[in-house]
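Here the structure is laid out as C-alpha cells; the discussion comes afterwards.
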Amino acid sequence: YMQTTEVTQGQWKEVMGTEPWKGQEYSKYVKEGANYPATYVSWNDAVAYCEKLREKEGKTYRLPTEAEWEYACRAGTKTTWSFGNDKASLGDYAWYDENAWRTDEKYAHEVGLKEPNAFGLYDMHGNLREWCYDYYGRDYYKQSPERDPTGPESGSSRVLRGGSWGWLYRARDTRSALRDWVDAVVRHGNNGFRVVRELD
C-alpha cells in the first residue's frame, strides 16, 4: 500500500515529536499547518520515521523503491505525466514553479489540493521531491532485473522523484520518468516523502 499523500507536518509531529522545518535558513519558504507536507527531512530522517511508525503500529513501513514510486506515479500510463502528454493540464495535478514560485506562492502547498492520478495518489507530480529507498545509479536500469528492481547495492546518493514547487523545477522536472538524487543527509525545503506499507 502506498500513502495517498506526502507525509504531512501533522503526521510527522505525531510520530516523531519534532518540527524539522522550523528554524531553517530558508524558513520563510515554509508554510506551517497539519496538512502541509513535512519538509527539511533527510533520507535518514524519513527512514527513522518509517521505523518509529512500525514500532507504533506493528506494521512494516518503509520508503518506496524507485521502481515502486514510478509505477505508482504512472498509474498504468506510458505518457509523459500520469494524465497524458499535454503540459497544459499540469497545473490541475501539480504545484511547480509556474503556479507556485513564479506566482509568489513560494512554498510546498497543503497535500491533496490538486487532482489525484488514476490510482488515487496526490502530488506525485510536483509539490515536493520525494525520497525513494534506492541508491542512485545512472545506468542501473540498463542491467537491472526487469521485475521489481530494488536499486544498486551501494552508492553515494539516494533517489528523489517527482519534482517540486521551487525555483527551477519546471514542467519537465515533474515528468513521471524524471530521476533526481542527493546525499542521504541533505535536508531541504524541496524534499519530502511518502511511505509504503507492506502487505500483511
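In this text, all values refer to a predicted model and were calculated from it rather than measured experimentally.
- A salt bridge is absent between Glu51 and Lys56: the closest approach of a Lys/Arg side-chain nitrogen to an acidic carboxylate oxygen does not fall below 4.0 angstrom.
- Both tests hold for Lys114 against Trp95: distance to the six-membered ring centre under 6.0 Å, angle to the ring axis within 45°.
- Using a 4.5 Å cut-off on side-chain heavy atoms (C-beta onward), Val195 and Cys50 make contact.
- When only modelled atom types and interatomic distance are considered, Ser27 and Trp21 share no side-chain donor-acceptor pair under 3.5 Å.
- Salt bridge Lys22/Glu32: present, at least one basic N to carboxylate O contact under 4.0 Å.
- Between the Arg194 side chain and the Gln3 main chain, a donor and an acceptor come within less than 3.5 Å of each other.
- Among Glu66, Glu68, Glu130, the single residue meeting the salt bridge (Lys or Arg N to Asp or Glu O under 4.0 Å) criterion with Arg161 is Glu66.
- With sequence neighbours excluded, no residue forms a salt bridge (charged side-chain N to carboxylate O under 4.0 Å, His left out) with Arg158.
- Remark: Lys31 is not positioned above the aromatic ring of Tyr36, lacking an NZ or CZ atom under 6.0 angstrom from the ring centre and at most 45 degrees off the axis.
- Every residue meeting the salt bridge (charged side-chain N to carboxylate O under 4.0 Å, His left out) condition with Asp139, not counting sequence neighbours, appears here in chain and number order: Lys142.
- The main-chain N or O of His125 is never found under 3.5 Å from a side-chain atom of Arg175 such that the two would form a donor-acceptor pair.
- Within the 3.5 Å criterion, the main-chain N or O of Ser89 finds no donor-acceptor partner in the side chain of Asp86.
- A distance of 14.0 Å separates CH2 in Trp69 from CH2 in Trp131, rounded to the nearest 0.5 Å.
- When the options Asp173, Asp180, Thr174 are evaluated for a side-chain hydrogen bond (donor to acceptor under 3.5 Å, both in side chains) with Arg129, the one that passes is Asp180.
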